[in-house]
Amino acid sequence: MSQQVVLITGATSGIGHQLAKDYALSGFKVWACGRNHESLASLEAFSNNIQTLQFDVTDLEQAKAALSDLTPKPSIWIMNAGSCEYIDDGEIDAELFLRVLNVNVMGVVNCIEASQSQIIQDDHLVIVGSIASEVALPRAEAYGASKAAINYLARSLALPMKQNGVDVSMVFPGFVETPLTDK
């Protein structure tokens, strides 16, 4: 039996960083994706099972260049990259919203488009969401809206992808102490 392969975006910190380590320790081959060179290098040093890809999920061309032809090909695709910026006192800031939506929504969309030719029957697409998509949280207007968007995306993609034998899951990890939540 060949080694199972997982791809994880947002692997340079928080949940993605821990997932990369945990999968590697479990014997998986891991494609760890992120922007932070030092963090990616530390993952490669952590395990021979980890191979890294440095790119920005908000840049479709970078995502395509990184994800369009992976060998070995993942069978688990975890779209985890995310960002959060908080809004104080309900003061809407359109630029802040755009930054968060760009990473949390378009980053997922870009990575799915870039890898969709490789996501085949018996693969599993996992999109990491947040309970903030279901429960209004103070200061998290942009973050919650972005996670609601990918929640809808995951549910709507699940139908046609299931017809092709691909499982789609939306994961709500709950509150996890990470650099993102430390804000």
Side-chain angles (χ1 to χ4, degrees), residues 6-20 31-36 39-40 53-67 74 76-116 119 123-163 166-183:
V6 61
L7 177 132
I8 305 165
T9 66
T12 55
S13 72
I15 292 170
H17 193 78
Q18 190 61 50
L19 283 174
W31 286 105
C33 308
R35 293 179 298 177
N36 184 299
S39 184
L40 291 172
L53 296 167
Q54 185 176 3
F55 68 97
D56 183 344
V57 297
T58 67
D59 185 315
L60 178 58
E61 294 310 312
Q62 283 186 35
K64 285 181 176 181
L67 302 177
I76 302 170
W77 303 79
I78 302 175
M79 303 301 161
N80 170 72
S83 178
C84 181
E85 294 184 52
Y86 292 110
I87 293 174
D88 293 320
D89 303 318
E91 291 288 325
I92 296 299
D93 177 338
E95 290 298 317
L96 180 151
F97 255 83
L98 187 58
R99 286 190 302 271
V100 173
L101 290 170
N102 224 6
V103 174
N104 295 358
V105 179
M106 293 313 300
V108 170
V109 171
N110 289 344
C111 290
I112 292 172
E113 179 179 336
S115 58
Q116 67 189 345
I119 300 175
D123 282 2
H124 194 163
L125 173 62
V126 179
I127 299 175
V128 177
S130 170
I131 196 64
S133 69
E134 304 293 319
V135 177
L137 300 172
R139 302 184 64 225
E141 294 88 346
Y143 180 76
S146 71
K147 294 301 184 173
I150 62 169
N151 185 8
Y152 183 87
L153 175 66
R155 288 184 292 126
S156 61
L157 273 179
L159 302 172
M161 292 186 101
K162 186 66 171 177
Q163 294 173 354
V166 176
D167 287 324
V168 177
S169 297
M170 184 73 185
V171 176
F172 296 130
F175 185 82
V176 178
E177 188 173 336
T178 67
L180 187 143
T181 60
D182 285 345
K183 293 180 189 178

S169: side chain to side chain donor-acceptor pair (under 3.5 Å) partners, not counting sequence neighbours: H124

Pairing residues for R155 by the salt bridge (charged side-chain N to carboxylate O under 4.0 Å, His left out) criterion, not counting sequence neighbours: none

Q18 CD to S13 OG distance, which is reported to the nearest 0.5 Å: 11.5 Å

Minimum heavy-atom distance between E141 and G90, given as atom pair plus value: OE2-CA, 4.2 Å

For a quick test of reading the model, state the closest non-hydrogen atom pair linking A149 to V105 and the distance between them. CB-CG2, 3.8 Å

Is it the case that the side chain of N80 and the backbone of I8 share a donor-acceptor pair, with hydrogens and angles ignored and the cut-off at 3.5 Å? no

Distance, nearest 0.5 Å, that separates NE2 of H17 from CG of L40: 9.5 Å

Which residues share a salt bridge (charged side-chain N to carboxylate O under 4.0 Å, His left out) with D123, sequence neighbours left out: K73

How far apart are the C-alpha atoms of I112 and I127, what are their side-chain angles, what is the distance that settles it, and do they pass the side chain to side chain contact (heavy atoms under 4.5 Å, CB included) test? CA-CA 10 Å; I112 292 172; I127 299 175; 4.1 Å; yes

Side chain to side chain donor-acceptor pair (under 3.5 Å) partners of residues 96-111, not counting sequence neighbours, each pair once: E85-R99, N104-S146

Is a side-chain N or O of D89 found less than 3.5 angstrom from the main chain of E91, in a donor-acceptor match? no

Residues in salt bridge (charged side-chain N to carboxylate O under 4.0 Å, His left out) contact with D88, at least two apart in sequence or another chain: R139

Output every pair passing salt bridge (charged side-chain N to carboxylate O under 4.0 Å, His left out) with a member in residues 7-17, not counting sequence neighbours, ordered by first then second residue. none

Partners of D167 by salt bridge (charged side-chain N to carboxylate O under 4.0 Å, His left out), sequence neighbours excluded? K162

Output yes when a side-chain donor or acceptor of T9 lies under 3.5 Å from a complementary backbone atom of A81, and no otherwise. yes

Residues that Q116 engages under side-chain contact (heavy atoms from CB on, under 4.5 Å), provided they are two or more places apart: E113

Among residues at least two apart in sequence or on other chains, which ones pass side chain to side chain donor-acceptor pair (under 3.5 Å) with E61? none

Counterpart residues, side-chain contact (heavy atoms from CB on, under 4.5 Å), relative to I92 (two or more places apart): I87, F97

Using modelled atom types only, decide if a donor and an acceptor are shared between the side chain of Q62 and the backbone of F55 within a distance under 3.5 Å. no

Test M170 against I150 for side chain to side chain contact (heavy atoms under 4.5 Å, CB included), laying out the working first. CA-CA 9 Å; M170 184 73 185; I150 62 169; 3.9 Å; yes

Give me the atom names and distance for the closest heavy-atom approach of P173 to G129. CD-O, 3.5 Å

Closest non-hydrogen atom pair, C111 against M79: CB-SD, 3.5 Å

Grab the two heavy atoms, one from L96 and one from A142, that are nearest each other, plus how far apart they are. CD2-CB, 3.8 Å

Nearest heavy atoms of Y143 and S83, plus distance in Å: CD1-O, 3.4 Å

With sequence neighbours excluded, tell me which residues meet side-chain contact (heavy atoms from CB on, under 4.5 Å) with A114. A63, K64, L67

In chain order, what residues pass the side-chain contact (heavy atoms from CB on, under 4.5 Å) check against M161, with sequence neighbours excluded? I119, L125, L157, V166, V168

